[in-house]
Amino acid sequence: MSPITNPQTPSYEAADPPSDALNSDSSQSSTLSSQHNGMLHYTIANGVVSNTGLAPAIWSSAEDDLAVKLPNGNSSKDVTSATGVVAFPSPPASEYEVESTNTLAVAAKSHSEADLAKRLNLNADWMGTSQVYIALAAYTQTSGNLGPLRDWRKDRVNALTKSPYDPLIYTDLSSIDCKLGYTDICVANAYRALLLTQAGLNTTQITSLPNLTNDVRKAIRVRLHTSSKKKINKELNGIKLEASQHLLRGLRGCRAYWDGLQEANKALKAFPGNPEVLGLKKELDKDFKTAHQELVAAGCKPKSIRELTRSGKIYQKKYPWVDETLSWRTPALLREVNKEFGQNAEVKSVVWGTPEEIAAARKRVKKEGEDVGPLGIFATRLIKKDEVILVDRTLLGISDARQNQLDWCDGCHASLRTPYLKPEDVRHPDCCKAVAYCSQECYDTAINGYHPLLCGKDFDWIYTTSLIGASGDGECGSRWRPIMFVRLMAIILSDMKSSSIITHPLQHPLVARMAANYPGPNVLTPETTHQWQFFENVVAPTQILLQLGIDVFSSPLFTQEVVQTIYWRLENNADMGYTELTYSTPTGQVKGERANQVNVNPNYLFFNHSCMPNVTWHGGAVPDSHGTEISWLRTSKGEVEKPGSSSVICIANRDIKKGEELKISYVGDPLGLGEEGGVLEGVIRAGKRDWMGKWFDDGCGCVVCEKENEDARKAAAAAEEGV
Ligand SMILES: C[S@@+](CC[C@H](N)C(=O)[O-])C[C@H]1O[C@@H](n2cnc3c(N)ncnc32)[C@H](O)[C@@H]1O
């Protein structure tokens, strides 16, 4: 099978390094400190914050200098609904020229983040997702540009409802998003602008939108009041250049230097010798080399270096212009969730913090329609050791076994091989030969729900191994998010078709129940960054939506903000593992079969973590040495879970009192007791503690974490005294 069979997939290839990634031709580059078309220059100054945290000269520049200048001479205060091009004066280039990429984060190390935000009067909610452009986002605020940019953004989004196929609106959005520090959204909007210009120029078509060329050209014709073919082509080429530049800036802001270099090469093919693109390429090249050298110096192996330099990183942040009620979980949702929880347990609000904070929060009863906050699972009766508490099935179980394979149930991922299932029990649909099911239940759910949307569509292009991280070791490579996105979107779209209640993808019950892991209020630079890739986070989901028949340009429901929010939620709630099954071929040969799995189980996802868990979980229903019939795999109804399935089975590992919170371990054996090094030597434990930083700071609140916190405090105090 060819790696990319989807005709809509753009020519995104990363098989070889950009020819000059490590050997750039500096003779072609323009100077980096130049102003570009009167727009803000995006590099950020090193000197700005490195000595005192923040150099006052920059942060309190004269208002005039910093106000948004409109072409008509008005200042930013006048911008409410800009219709023309808004130009932003650049901060003085000398002061903004940078070496370091994360200057404010460096500064934040010496001041508490909240303190830093307060001193600068920054609104942490609007500090963006980029690690690289964090000082730019701060500058946007201190210069008074935040308000006008927000207004302009609203205006542009509104303009899209009237003219969804005008690529200029997407380049405007891309430019605004970059200045706000949301470079992931900047990239996506630039990508959408590029898709539109390519359709308008008839160089690439989108199969599911056959009228797109006409639609794009009509939008330009109406805006420019011209029917001249030449003028329309010129406009489209101009927008294409601008979109390419925003794309490169955005990729740099997401630290996706490798992808940036690839895209810079593409842009230079279309616009040979363009000084702006050459300048951006030079910056990307420099960043790429620095990242490469740092990894070499840190002793990374060549394969990791390759993968790490190709992978970007961003902060997990809310998009503050998205209606916040879309991320609320309300009492009504909680009631629905609890209907699925049976007799053993219920989902309720949890509070983390000091005893006073917990007591105060307990007094607050959430009203209808309000956000119920963080949740956890609590025992509703005495649960005895070894009792099965929950068996949680899912439709969101995926693996690195390609979709169109008949070895696994397309619904629950159970193995369809003998001896795990009798051949006569396998169900085949009438509509296609690509999938099969382990039971009538899985068959009915699929055929009456998500399958018709996927039937006949080939998504194997997402699984291609020619791109980074698709090696499949442990987590379906790095591709699990788009692979899961396909299934999730098919479920959402089929449910939205049949239900008048679900009007937004983020409100679909499967998506609405999941929380992302955003930083707390007023946190400027969260500790944790998240892997981000152009293909995985932007190209793939956009193409998946198009392939599923969604017009991403005219639908306000499928913006990149919505896509990335879904990605954040999946990431915070997915469990990963693998299934290893053996089977006999008809000739009697015994073969092994391993599938790396990622699941989002809709009820299990409410478990919080403890290093002293009272619940043990088993995924993949892997048979033990006794064969396929395993006593602990029995569900509360006495059924046996099918080997390879994406269900998780949760069992009490001690007696649990009524009202106690039920907790699992997110990190395998959390104390490392069963592993070499163990808790006594602290080595394995330290790694586990580090790993937990992905979900929460300062440990999980268990006695082990608390003791470690106390020891660390004492050690720090002793060190200070010693100084
Ligand atoms: C899979 S979800 C668990 C359910 C989640 N509490 C909710 O409200 O939906 C994982 C998230 O729960 C939170 N969490 C889990 N265990 C925790 C703990 N011991 N202390 C603080 N936060 C915890 C973290 O925010 C983490 O990202």
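All ligand and atom numbering here is 1-based and tracks the order in the structure.
To the nearest 0.5 Å, atom OG of residue S665 and atom CE of residue M692 are 7.0 Å apart. Taking CG from L545 and CZ from F485, the interatomic distance works out to 4.5 Å, rounded to the nearest 0.5 Å.
Polar contact with ligand 1: absent for V350 (N/O pair, distance under 3.5 Å). Backbone and side-chain nitrogen or oxygen atoms of N572 are examined, and one is located within less than 3.5 angstrom of a nitrogen or oxygen of ligand 1.
Note that R487 lies in the cation-pi zone of Y450, set by a 6.0 Å cut-off to the ring centre and a 45° limit from the axis.
Numbered from 1 in the order shown, with element, the atoms of ligand 1 that lie under 4.0 Å from a heavy atom of N608 read 3 (C), 4 (C), 5 (C), 6 (N), 12 (O), 13 (C), 14 (N), 15 (C), 16 (N). Short contacts between ligand 1 and N517, defined as distances under 4.0 Å to a heavy atom of the residue, involve ligand atoms 25 (O), 27 (O). Against a heavy-atom cut-off of under 4.0 Å, N573 is close to the following atoms of ligand 1: 1 (C), 2 (S). Set against the non-hydrogen atoms of F606, the atoms of ligand 1 under 4.0 Å away are 4 (C). The contact set between ligand 1 and C700, taken as ligand atoms under 4.0 Å from a residue heavy atom, comprises 18 (C), 19 (N), 20 (N). Near P374, meaning under 4.0 Å from any of its heavy atoms, are these atoms of ligand 1: 8 (O).
Ranking the protein heavy atoms by distance from atom 20 (N) of ligand 1 puts W352 NE1, 3.2 Å first. Nearest non-hydrogen protein atom to atom 16 (N) of ligand 1 is H609 N, 3.0 Å.
Considering each of F696, W695, Y604, Y666, the one bringing a non-hydrogen atom nearest atom 3 (C) of ligand 1 is Y666.
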- Item | Q560 vs V538, side chain to side chain contact (heavy atoms under 4.5 Å, CB included): CA-CA, chis, key distance, verdict | CA-CA 7 Å; Q560 181 67 21; V538 175; 3.8 Å; yes
- Going through the checks in order, is the side-chain hydrogen bond (donor to acceptor under 3.5 Å, both in side chains) test met by T129 and D184? CA-CA 7 Å; T129 49; D184 54 329; 2.7 Å; yes
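No option in N603, D392, V347 other than N603 meets the side chain to side chain contact (heavy atoms under 4.5 Å, CB included) test with E340.
The two residues I389 and I383 make their nearest non-hydrogen contact at CG1-CG2, 4.1 Å.
R329 counts as a contact of ligand 1, since one of its heavy atoms falls under 4.0 Å from the ligand.
Contact annotation for L605 and ligand 1: only backbone heavy atoms (N, CA, C, O) come within less than 4.0 Å of the ligand. Under 4.0 angstrom from ligand 1, there are no non-hydrogen atoms of E571.
No more than 12 heavy atoms of other residues, nucleotides or ligands lie within 6.0 Å of CD in Q343, so this atom counts as exposed by the packing criterion.
Taking the six-membered ring for Trp and the full ring otherwise, the centers of H609 and F696 sit less than 6.0 Å from each other.
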